[in-house]
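To keep things clear, I will list the structure first and then write my remarks on it.
The chains referred to below are lettered A, B, ... by the order of the sequence lines, with proteins before strands, and numbering in each begins at 1.
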Amino acid sequence: DGGITQSPKYLFRKEGQNVTLSCEQNLNHDAMYWYRQDPGQGLRLIYYSQIVNDFQKGDIAEGYSVSREKKESFPLTVTSAQKNPTAFYLCASSILLGGTDTQYFGPGTRLTVL
Amino acid sequence: GDSVTQMEGPVTLSEEAFLTINCTYTATGYPSLFWYVQYPGEGLQLLLKATKADDKGSNKGFEATYRKETTSFHLEKGSVQVSDSAVYFCALRSGSGAGGTSYGKLTFGQGTILTVHP
């Protein structure tokens, strides 16, 4: 089955540690996205990528980094510079970056900083 | 910039009641509009979408009509079920202005929690 997988489902981190969230898709989509979801709020865009080896900052990129070495993979690193990293992180992909393409979402990773 | 405003929740209904969740938006150009649903502990699933004015999106008994004159995309369902209990997000995707190209960013409303009781 085609889809988006995120791992792990739950992640705990001590303050001061970097942590990497995995996102893999087998939909052959060019564009991929990372969103952050906080309670009672909508999703906010962290980073997005149109093609391999290219990515752009979204609205709340500070304290985060990404890479796009393969079309299928778009890992997100939450660095120790992120002041309030506890949140639900969602990865998404779409066929292309623009137009009316639907974004499909993974199941999410819940990160908790202890 | 673009923004989406949803009616405040939570919304609590009895099974078979009529549902309306209001959504209004502010955007330049010609955005596409979406409703996503999120079940507890899961990611978002696309529920329906509309890409131009007067389009009606529909799926699983849910409907929403793209109203450019009122900048609205209200979600409706004639008879809700317990299994419809979830969080519903209205979203817009930046449209292409004259000569422009969107980069596909989705702007979300804050979400509306729906609880349906038997």
Side-chain angles (χ1 to χ4, degrees), chain A residues 3-10 21-25 27 29-51 54-61 87-110 112, chain B residues 1-10 21 23 25 27 29-53 55 57 59 66 86-97 99-113:
Chain A
I4 303 174
T5 57
Q6 292 185 241
S7 61
K9 188 172 177 67
Y10 299 96
L21 283 59
S22 168
C23 176
E24 304 277 333
Q25 54 97 0
L27 299 168
H29 287 172
D30 283 311
M32 297 187 74
Y33 314 80
W34 273 105
Y35 292 90
R36 171 184 171 134
Q37 183 180 20
D38 293 285
Q41 297 186 35
L43 280 67
R44 292 181 290 169
L45 182 65
I46 304 172
Y47 268 97
Y48 63 99
S49 168
Q50 183 175 3
I51 55 172
D54 179 72
F55 47 83
Q56 304 295 329
K57 292 181 179 179
D59 298 323
I60 55 165
F88 191 48
Y89 290 88
L90 288 158
C91 179
S93 70
S94 63
I95 295 173
L96 296 171
L97 195 63
T100 60
D101 294 323
T102 298
Q103 287 187 21
Y104 295 91
F105 284 79
T109 292
R110 187 166 299 280
T112 303
Chain B
D2 297 343
S3 68
V4 175
T5 303
Q6 287 182 235
M7 68 182 287
E8 298 210 2
I21 301 178
C23 172
Y25 67 90
Y30 307 98
S32 296
L33 301 173
F34 303 83
W35 276 101
Y36 282 86
V37 58
Q38 184 178 35
Y39 298 101
E42 298 184 9
L44 274 66
Q45 300 175 25
L46 177 69
L47 183 59
L48 54 84
K49 71 178 184 180
T51 58
K52 61 183 188 296
D55 267 2
N59 185 26
Y66 188 164
V87 183
Y88 291 81
F89 291 94
C90 184
L92 71 83
R93 184 165 187 167
S94 302
S96 299
T101 302
S102 77
Y103 71 85
K105 173 188 171 182
L106 277 175
T107 300
F108 286 86
Q110 76 273 27
T112 301
I113 300 172

Problem set entry | Atom pair CZ (B/Phe108) and CD (A/Gln37), whose distance is rounded to the nearest 0.5 Å | 9.0 Å
Problem set entry | Closest contact, heavy atoms only, A/Phe88 versus B/Gln38 | CE2-NE2, 3.4 Å
Problem set entry | Distance in Å, B/Tyr36 OH paired with A/Thr102 OG1, rounded so as to fall on 0.5 Å steps | 6.0 Å
Exercise. What are the two closest heavy atoms between B/Arg93 and A/Ser94, and how far apart are they?
Worked result: NH2-OG, 3.8 Å
Exercise. Is the OH atom of B/Tyr25 crowded by more than 12 outside heavy atoms at less than 6.0 Å?
Worked result: yes
Problem set entry | Heavy-atom proximity to chain A below 4.5 Å, by part of B/Gln6 | neither
Problem set entry | Option passing side chain to side chain contact (heavy atoms under 4.5 Å, CB included) with A/Leu43 (candidates B/Leu106, B/Leu44, B/Thr107) | B/Leu44
